[in-house]
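For reference, the structure discussed in these notes is given below.
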Amino acid sequence: MAGSRGEFSSRFGFVMAASGSAVGLGNIWGFPTQAASNGGAAFLLVYLLLAFLLAYPALMAELILGRHAHSNSVAALRKVSGHRITGSIGALTGITGLIVAGLILSFYAIVAGWMIAFCLSALATLSGNAELANWLTSFGLWRNVLFLIVFLALTIGIVSAGVHDGIERWSRRLMPALLITLVILVLYVFTLNGAMQGLKVYLMPDFSRVLSPQLILDALGAAFFSLSLGVGTMLIYGSYVSDDENLPLLGGIVTLVDVSIAVLAGFLVLPAMYVALHNGVEIFNASGALISEDTLIFTVLPELFASMGLPGVLVSLVFFFLMSIAALTSSISMLEAPVAYVTEEHRIGRRLTAWLIGGVIACISCTILLNFDTLFGFIIALTTRYSQPLLGFMFCIYAGWVWRRDSLLQELRKGYPGVQEGLFWKIWPWYVKVVCPLIILAIFAQSLLG
Ligand code: PHE
């Protein structure tokens, strides 16, 4: 069955594709910006705890459910339910996740479009066309619409090509290049004046902020967003993993790669902010809050690149190119989730489905752009801060309570025959059953009451 739906051809291919989904704007645009506006190190600390203690177990729930069902999230949640009612609630959860995936893509494509525009702007500068370069980096409706459509068209094109030729091939090549560029940039930023102050903010926690309900809720959303959870993306990628793979190990690698890149990006963005501040760029308002969070990195990074002189234009070109690619390997996973559902359940061709769903998302993105001030932040909060953790909660409930334990164990044994003797089986089953749902609920309760 799996063969006819497409499957990752190797372990490396899966790890790259799933890390490709996980690593994206969330790591390099979202996480450092949130860290910067939430007290730096305090946010980093809570984020790390939540990523390993909560997001990793939730990721495992999705991967295992996906591989067991070898199908989309709606069918998978239905399959593990022994009862009609749990089956329907599961299907509803799955469908809600797919809608949230589409909404995430609608704002994601806007930001990714900015990345493409900044990349082309570096090219325009190199070819001496300053006017074009300036247009490409100025916040204007037409620029935004144009590049969001370019980005969505690329996403749709790759998803139309299927798992092996599209998703896997792209992810394998470009993820390593992104990592190397980031490391080089981090090393460079450390040499500049002001960087050490940023480093201090990033690494020395203000413990009085660690317990702030808002900070914890933001960090929870950031962890779930960063690992692409709750919306069926990881579930569908899990469904393309072959039965002989050791899932807990693969999930662990993906989590580690994702968290490391977010942390690494923090080492770039926070010092870069303070370098920019040192050079006279206004970043904070009078009350000490960040001036424009959404576009922060589009202010401070170009400032950093400019400080490098001509080589900076090349670095800017490479950086924004890789960011566009990182965004692309994430956006294809967002689109893949609903496309897989529609093609599998309604037997409509993959290409047509991808264009239809992509078209609807483009319309939503344009609506957001036309009402930017009211909708942009609202959709981000609705999807990442609230929907993803709550949907993750449901996936934990299905893996922990609804799915029969012997069937779950059998699934894990496939690629890991000794699983029962290992640490994973001793901890994870009760952990997703009790601890994960309780922590998620507690964080929400605390933020509502606080
Ligand atoms: N994890 C991706 C990022 O960090 C975003 C994402 C969210 C991807 C949900 C797929 C599903 O950029």
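Numbering of ligands and ligand atoms starts at 1, following listing order. The chain is numbered in sequence order, starting from 1.
Ligand 1 places these atoms under 4.0 Å from at least one heavy atom of Leu25: 12 (O). Interface of Gln388 with ligand 1, defined as ligand atoms under 4.0 Å from a residue heavy atom, comprises 9 (C). Atoms of ligand 1 found under 4.0 Å from any heavy atom of Asn27 (numbered from 1 in listed order, with element): 4 (O). Each of the atoms 10 (C), 11 (C) of ligand 1 lies under 4.0 Å from some heavy atom of Thr233. For ligand 1 and Ser226, the ligand atoms under 4.0 Å from any heavy atom of the residue are 1 (N), 4 (O). Atoms of ligand 1 found under 4.0 Å from any heavy atom of Ser333 (numbered from 1 in listed order, with element): 10 (C).
Neither the backbone nor the side chain of Leu229 has any atom closer than 4.0 Å to an atom of ligand 1 (non-hydrogen atoms only). At a heavy-atom cutoff of 4.0 Å, ligand 1 is contacted by both the backbone and the side chain of Ser228. Residue Phe225 touches ligand 1 through backbone and side chain together, judged by heavy-atom distances below 4.0 Å.
Counting only heavy atoms of the protein, atom 3 (C) of ligand 1 lies nearest to Ala22 O, 3.2 Å. Among all protein heavy atoms, the one lying closest to atom 12 (O) of ligand 1 is Tyr108 OH, 2.5 Å. Here the protein heavy atom with the shortest distance to atom 2 (C) of ligand 1 is Ser21 O, 3.2 Å.
Using a cut-off of 4.0 Å between Lys/Arg side-chain N and Asp/Glu carboxylate O, Arg350 and Glu336 are scored as salt-bridged. Ion pair Lys414/Asp244 not flagged as a salt bridge, since none of the NZ, NE, NH1 or NH2 atoms sits closer than 4.0 Å to an Asp/Glu carboxylate oxygen.
By the 30° and 60° cut-offs, the orientation of the rings of Phe107 relative to Phe376 is perpendicular.
For Phe378, the CZ atom counts as loosely surrounded, since its 6.0 Å shell holds 12 or fewer non-hydrogen atoms of other residues, nucleotides or ligands. Counting heavy atoms of neighbouring residues, nucleotides and ligands inside a 6.0 Å radius, atom OH of Tyr188 exceeds 12 of them.
You'll find the ring centres of Tyr341 and His346 inside the 6.0 Å limit. In this structure, the ring of Tyr202 has its center less than 6.0 angstrom from the ring center of Phe267.
Checked against a 3.5 angstrom limit, the closest N/O atoms of Val23 and ligand 1 fall outside it.
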Tell me which donor-acceptor pairs under 3.5 Å the side chains of residues 47-59 have, and how far apart each pair is, sequence neighbours excluded?
from  : atom 1 : to     : atom 2 : distance (Å)
Tyr47 : OH     : Ser226 : OG     : 3.3
Tyr56 : OH     : Pro248 : O      : 2.9

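Under 3.5 Å, the side chains of Asp294 and Trp29 contain no donor-acceptor pair of N or O atoms.
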